[in-house]
Amino acid sequence: MKVVNVVLSGGVGSRLWPLSRKSRPKQYLPIFGGQSLFEKTVIRNSEICNQVMVVGGVDNYQLSRDILKKTATTDYIELVEAAPRNTAAAIAFAALSLPEDAIMLVTPSDHLIGDQEKYNADLSQAVALAKNGDLVTFGLIPSKPETGFGYIEHEGNNVLGFREKPALEQAKAYLSQGNFLWNSGMFCFAAGTYLRELQKYEPEVLKTSKAAMKNAKEGFLPLDLSMEIPSISVDYAVMERSDKIKVIPSNFSWSDMGSFEALFEYYPIGSNERVGENLVLGTGKHVEFIGMEDVVLVETDDAILVLNRKNAQDVKKVYERLEKENPSLLN
């Protein structure tokens, strides 16, 4: 049976600027024990999957190739998007490239996951459900009232509802209720099942994705036809509307590594990056903090960022402002 790890690698990691840039987004930064999150994703999923497919952007496909070469991954398929059209289309490109009965494990390329045995057990369960025609998502058992993730209300493997990123009080209520999971953004389903559900709920996305795929050249999608594809996430397009959804409550360690707060939690006490309750990244200089805690200092060749860890989510606002005022700092 073909089980394909579809690695979505089109994100830019705006909340980790200035480390993360358009030319080298966060998933390609080799700051996790000398490995990147992309590399870790490919290695981790190779224990269950027998093929890799990378769906990524035209700006950084060479970075993916370099890592696949480093990991000696030879059996892979590459789809290069001319412009980002969100995850419903990215997954459609992958599904259209595979046999109908191929099982797709769709994973972002920028997550950090531990507890490999627990992870493999959950993947095996997901593959079994996918073979029966279900659209499977993974929900992480929450450890704190996190406001940066969406939530899934569930009863066993049955999904009762999806919830947007909540305010803090609502997140606390979810945690106390006990049947809410963090939405991991990972999915498992047969290629044919996904395409049929996409046809049911967002036929225009499927139609325009097919047209773009038909005119792709050596895996590179055309810009003009790509821009005709509606930009919508797989959550909105299919997962929150289909009656075929199942969730696997998971307790392997997981982080989307989406902020400097997450990086602070990753680096151990006593590491070069952790200076007391502060975080230092990107500089070879000695740094001292006096009378300051919960501070993040990031230095690159052309930028310095200093922030309170509590404001880690606000880095995205800086990124968005620089897109208008000084876009060269994002490259």
Side-chain angles (χ1 to χ4, degrees), residues 1-10 41-42 45-56 75-81 85-109 120 122-139 152 157-159 162 183-216 218-219 221 225-226 228-248:
M1 180 184 64
K2 179 170 283 201
V3 181
V4 183
N5 180 201
V6 178
V7 182
L8 305 181
S9 65
T41 298
V42 171
N45 293 320
S46 66
E47 296 199 14
I48 296 293
C49 301
N50 45 40
Q51 190 174 42
V52 177
M53 177 183 290
V54 180
V55 185
D75 187 10
Y76 71 90
I77 302 169
E78 181 181 65
L79 297 175
V80 182
E81 297 177 293
R85 303 312 296 158
N86 219 315
T87 51
I91 297 170
F93 299 147
L96 290 165
S97 305
L98 293 169
E100 186 172 299
D101 62 349
I103 302 300
M104 302 167 60
L105 172 65
V106 181
T107 64
S109 59
N120 287 351
D122 287 347
L123 292 195
S124 297
Q125 184 184 350
V127 168
L129 289 170
K131 286 168 66 177
N132 287 331
D134 292 317
L135 297 167
V136 184
T137 186
F138 297 81
I152 301 170
N157 293 125
N158 296 317
V159 174
F162 290 84
N183 190 347
S184 72
M186 294 168 44
F187 311 101
C188 187
F189 35 66
T193 303
Y194 176 73
L195 293 175
R196 285 189 291 274
E197 293 299 281
L198 189 61
Q199 172 64 38
K200 184 187 299 184
Y201 297 106
E202 289 290 342
E204 189 63 21
V205 173
L206 181 57
K207 176 185 173 183
T208 50
S209 296
K210 279 183 176 178
M213 281 295 298
K214 187 176 180 181
N215 289 275
E218 297 183 345
L221 289 127
L225 293 174
S226 295
E228 294 180 11
I229 303 171
S231 178
I232 182 172
S233 73
V234 65
D235 296 276
Y236 289 140
V238 174
M239 302 303 288
E240 295 183 13
R241 299 156 79 179
S242 174
D243 58 3
K244 297 180 180 294
I245 308 299
K246 297 291 183 183
V247 64
I248 295 179

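Below, all heavy atoms of this structure are taken into account, side chains as well, without hydrogens, waters or symmetry copies.
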**Report entry** Heavy-atom check, side chain of Asn183 versus side chain of Phe162, under 4.5 Å
**Finding:** yes

Query - Spacing of CG belonging to Leu79 relative to OG belonging to Ser9, to within rounding of 0.5 Å - result: 10.5 Å

Query raised in the report: How many angstroms lie between CD1 in Ile48 and CG in Asp122, if you round to the nearest 0.5 Å?
Result: 10.0 Å

Requested in this report: Determine whether Cys188 and Leu129 make a side-chain contact, defined as any pair of heavy atoms from C-beta on separated by less than 4.5 Å.
Outcome: no

Requested in this report: Check Leu221 against Ser226 and note the closest heavy-atom contact, atom names and distance.
Outcome: CB-OG, 3.9 Å

**Report entry** Heavy-atom side-chain contact between Phe138 and Val247 under 4.5 Å
**Finding:** no

Query - Pairs meeting criterion salt bridge (charged side-chain N to carboxylate O under 4.0 Å, His left out) with involvement of residues 206-215, two or more places apart - result: none

Query raised in the report: Between the side chain of Ser124 and the main-chain N/O of Asn120, is any donor-acceptor distance below 3.5 Å?
Result: yes

Requested in this report: Identify the heavy atoms of Ala237 and Ala88 that sit nearest to each other, and give their distance.
Outcome: CB-CB, 3.8 Å

Requested in this report: Report yes or no: does Thr208 contribute a side-chain atom to a donor-acceptor pair with the main-chain N or O of Val205 at less than 3.5 Å?
Outcome: yes

Query raised in the report: What heavy-atom pair brings Met53 and Ser97 nearest, and what distance separates the two atoms?
Result: CE-CB, 3.8 Å

Query raised in the report: How many angstroms lie between CG in Leu206 and CZ in Arg196, if you round to the nearest 0.5 Å?
Result: 11.5 Å

Query raised in the report: Are the side chains of Tyr201 and Leu198 in touch, meaning some heavy atoms are under 4.5 Å apart?
Result: no

Report task. Please round to the nearest 0.5 Å and tell me the distance separating atom OG1 of Thr137 and atom CE of Met239. Result -> 5.0 Å

Query raised in the report: Taking C-beta and beyond as the side chain, do Ile77 and Gln51 meet within less than 4.5 Å on heavy atoms?
Result: yes

Query raised in the report: Heavy-atom distance under 4.5 Å between the side chains of Phe189 and Asp134, does that happen here?
Result: no

Query raised in the report: How many angstroms lie between CD1 in Ile103 and NZ in Lys2, if you round to the nearest 0.5 Å?
Result: 12.0 Å

Report task. Measure across Ala94 and Val55 and return the closest heavy-atom pair with its distance rounded to 0.1 Å. Result -> CB-CG2, 4.3 Å

Query raised in the report: Could you walk me through whether Met213 and Leu225 pass the side chain to side chain contact (heavy atoms under 4.5 Å, CB included) check?
Result: CA-CA 9 Å; Met213 281 295 298; Leu225 293 174; over 6 Å; no

Query raised in the report: Checking side-chain contact (heavy atoms from CB on, under 4.5 Å) against Asn5, which of Leu123, Asn45, Asn50 comes through?
Result: Asn45

Query - Option from Ile91, Thr107, Val54 for which side-chain contact (heavy atoms from CB on, under 4.5 Å) with Leu8 holds - result: Ile91

Query raised in the report: Does any pair with a residue in residues 236-248 pass salt bridge (charged side-chain N to carboxylate O under 4.0 Å, His left out), and if so which ones, sequence neighbours excluded?
Result: Glu202-Arg241

Query raised in the report: Does the side chain of Met1 come within less than 4.5 Å of Asp101's, by heavy atoms?
Result: no

Query raised in the report: So do Ile232 and Asn86 actually touch side chain to side chain, heavy atoms under 4.5 Å?
Result: no

Report task. Check step by step if side chain to side chain contact (heavy atoms under 4.5 Å, CB included) holds for Phe187 and Ile245. Result -> CA-CA 10 Å; Phe187 311 101; Ile245 308 299; over 6 Å; no

Query - Main-chain N/O of Val234 paired with Thr87 side-chain donor or acceptor, under 3.5 Å - result: yes

Query raised in the report: Looking only at heavy atoms, which two atoms of Ser109 and Thr41 are closest? And how far apart?
Result: O-OG1, 3.5 Å

Report summary line: Residues Val4 and Val52: closest non-hydrogen pair is CG1-C, 4.4 Å

